[in-house]
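Data block below; observations after.
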Amino acid sequence: MSWRTKSRLAWLHDLPGVSENEALASRTSFGIGGPAEFFVELARPEAIEKAIEGCRERDIPYLLLGAGTNLLVADRGVEGLVVRVVNREHHIDGTRVRAGAGLKMMRLARIVADANLRGFEFAIGVPGTLGGAVYQDAGCWGKEIREVLVEVDGFMPGAGKQTWKPPALKFGYRTSALRDGDLKGALVVSATVQLTRGDGEEAKQLMSKLTRERNETQPIKTKNCGSVFKNPQGDSAGRLVQAAGLKGTREGAAVVSELHGNFIINEGGATAADVKRLIERVMVEVKRRFGVQLEPEVEMVGQWK
Ligand SMILES: Cc1cc2nc3c(=O)[nH]c(=O)nc-3n(C[C@H](O)[C@H](O)[C@H](O)COP(=O)(O)OP(=O)(O)OC[C@H]3O[C@@H](n4cnc5c(N)ncnc54)[C@H](O)[C@@H]3O)c2cc1C
């Protein structure tokens, strides 16, 4: 039986700021996918908590959305409520920084450099939000968010406000208890990181250098979702895709980047089904050629059937 009863739909309609049938493609870096059945953008933590608690109480499916830089949204869209998390406040206390989950990692990297803090330069390579980064231990240039994380303020529908120290988040390579464990469905409200005092100008120079290098080796300016696959132990997914001769392979308007084998580009008008087919094709071919089972890093959300 569908969850779409009159009373549940009425509750959704009454949510302050909610809209129906709202485009999601423009809210993802891939630029792909169908609409959110119901959509709301919220900055106040209490409002976000109330919305997802309400969904839990009524068995309404919900999806938290950050910057949409690690998502492949199904062509049929996402059922239930999509909540875009945009709480972006930050607070610097000595060398500790607490920021709202909706703040972009790149923006926070510049803020802390301005405050002469070091240790967050890696974040200049992660275009997502702080919440999205905690969700799957995002990282770049050999450093992950967990290495600077002190604690996370969160909210678990049904259990209320919680504070998680890193062990409770059970981080693994591009995963955590939020993505694959007992905290599934929980909201990251804010996160506190521990940095070190240092020269902010040096931090900015390093970030510029890293960004320049990245622009030369990855198709950053295209519509993509970053790395499509996780790197297998001791190897690189991009290397395997290239060695299998798959660069330039396409399905519709989705194509494996010629610049970096672990990127799929939406050339314009690619569907989620195109990308999914291409991902599966690459996985089958890499398995056939090298016996390696690639695992997607990008998360497929929405109604696929
Ligand atoms: C050009 C490019 C380069 C990239 N490079 C890197 C890189 O170097 N390293 C890397 O790790 N990643 C990289 N990524 C991927 C992406 O930026 C990260 O995975 C990022 O952490 C995703 O954050 P987001 O806000 O975009 O999350 P979204 O894509 O919006 O969501 C991803 C998941 O996080 C969940 N989520 C988001 N916010 C919250 C919250 N507040 N509470 C609970 N769950 C939440 C969502 O529900 C969803 O399941 C890259 C992406 C692009 C497009």
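Indexing begins at 1, ligand by ligand and atom by atom, following the structure's order.
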**Request:** Kindly confirm or rule out an N or O of G125 lying under 3.5 angstrom from an N or O of ligand 1.
**Result:** yes
**Asked** Does V282 reach the side chain of E285, with side-chain heavy atoms less than 4.5 Å apart?
**Response** no
**Prompt:** Does N70, backbone or side chain, put an N or O under 3.5 Å from an N or O of ligand 1?
**Reply:** yes
**Request:** Just need the protein heavy atom nearest to atom 49 (O) of ligand 1, so name the residue and atom and give the distance.
**Result:** E299 OE1, 3.0 Å
**Asked** Relative to ligand 1, is S227 under 4.0 angstrom through side chain, backbone, both or neither, heavy atoms considered?
**Response** neither
**Request:** Decide whether E297 and N70 meet the rule of one side-chain donor and one side-chain acceptor closer than 3.5 Å.
**Result:** no
**Asked** Taking side chain as C-beta onward, heavy atoms only, is T95 less than 4.5 Å from T196?
**Response** no
**Message:** Between ligand 1 and G102, can you find any atom pair, the residue atom being a heavy atom, that is separated by under 4.0 Å?
**Reply:** no
**Message:** Using a 4.0 Å heavy-atom cut-off, which part of T28 comes near ligand 1: side chain, backbone, both, or neither?
**Reply:** neither
**I32 side chain reached by T271 side chain, heavy atoms, under 4.5 Å** = no
**pair V228-F263: side-chain heavy atoms closer than 4.5 Å** = no
**Request:** Identify the protein heavy atom lying closest to atom 20 (C) of ligand 1, giving its residue, its atom name and the separation to 0.1 Å.
**Result:** T69 OG1, 3.8 Å
**Message:** Can you tell me if R174 contacts ligand 1 (heavy atom of the residue under 4.0 Å from the ligand)?
**Reply:** yes
**Item:** Close side-chain approach of H91 to V97, heavy-atom, < 4.5 Å
**Value:** no
**Message:** Less than 6.0 angstrom from the centroid, inside 45 degrees of the normal: does R179 satisfy that with respect to the ring of F171?
**Reply:** no
**Message:** Using heavy atoms and a 4.0 Å limit, tell me yes or no: is R214 in contact with ligand 1?
**Reply:** yes
**Message:** G131 versus ligand 1: do any nitrogen or oxygen atoms come within less than 3.5 Å of each other?
**Reply:** no
**Asked** Does C225, backbone or side chain, put an N or O under 3.5 Å from an N or O of ligand 1?
**Response** no
**Message:** Do R96 and V193 have side chains that approach each other closer than 4.5 Å (heavy atoms only, starting at C-beta)?
**Reply:** no
**Asked** What part of S29, side chain, backbone, both or neither, has a heavy atom within less than 4.0 angstrom of ligand 1?
**Response** side chain
**Asked** For atom 10 (C) of ligand 1, which of G139, C140, G226, A191 has the closest heavy atom?
**Response** G139
**Asked** Are the side chains of F38 and E22 in touch, meaning some heavy atoms are under 4.5 Å apart?
**Response** no
**Asked** Can an N or O of L63 be found at a distance shorter than 3.5 Å from an N or O of ligand 1?
**Response** no
**Prompt:** Are K170 and D180 within salt-bridge range, i.e. N to O under 4.0 Å?
**Reply:** no
**Prompt:** Backbone or side chain, does any N or O of T129 fall under 3.5 Å from an N or O of ligand 1?
**Reply:** yes
**Prompt:** Just one of R8, R4, R76 clears the salt bridge (charged side-chain N to carboxylate O under 4.0 Å, His left out) bar with E37, so which one?
**Reply:** R4
**Complete:** In this structure, atom 28 (P) of ligand 1 is nearest to the protein heavy atom G68 N, 3.6 Å
**Asked** Looking only at protein heavy atoms, which one is nearest to atom 24 (P) of ligand 1, and how far off is it?
**Response** A67 N, 3.5 Å
**Request:** Answer yes or no: does an N/O atom from D137 fall short of 3.5 Å to an N/O atom of ligand 1?
**Result:** no
**Complete:** Nearest non-hydrogen protein atom to atom 50 (C) of ligand 1, with distance, is P127 CD, 3.5 Å
**Prompt:** Judged by modelled atom types alone, do D137 and S176 share a side-chain donor-acceptor pair under 3.5 Å?
**Reply:** no
**Asked** What atoms of ligand 1 come closer than 4.0 angstrom to any heavy atom of A186?
**Response** 43 (C)
**Message:** Tell me whether L65 reaches ligand 1 (any heavy atom closer than 4.0 angstrom to a ligand atom).
**Reply:** yes
**Request:** Write out the residue and atom name of the closest protein heavy atom to atom 19 (O) of ligand 1, then the distance separating them to 0.1 Å.
**Result:** Q136 NE2, 2.4 Å
**Message:** Tell me the protein heavy atom at minimum distance from atom 38 (N) of ligand 1, and give that distance in Å.
**Reply:** G132 N, 3.6 Å
**Asked** What residue and heavy atom of the protein are closest to atom 46 (C) of ligand 1, and at what distance?
**Response** L64 O, 3.0 Å
**Prompt:** Do E79 and W3 meet the criterion of a side-chain donor-acceptor pair at a distance under 3.5 Å?
**Reply:** yes
**Prompt:** Which atoms of ligand 1 are found less than 4.0 Å from any heavy atom of N224?
**Reply:** 1 (C), 2 (C), 52 (C), 53 (C)
**Request:** Please identify which atoms of ligand 1 are closer than 4.0 Å to at least one heavy atom of A101.
**Result:** 41 (N)
**Item:** Any side-chain heavy-atom pair of L71 and L24 under 4.5 Å
**Value:** no
**Message:** Looking only at the side chains, is there a donor atom on one of E299 and Y135 sitting less than 3.5 Å from an acceptor on the other?
**Reply:** yes
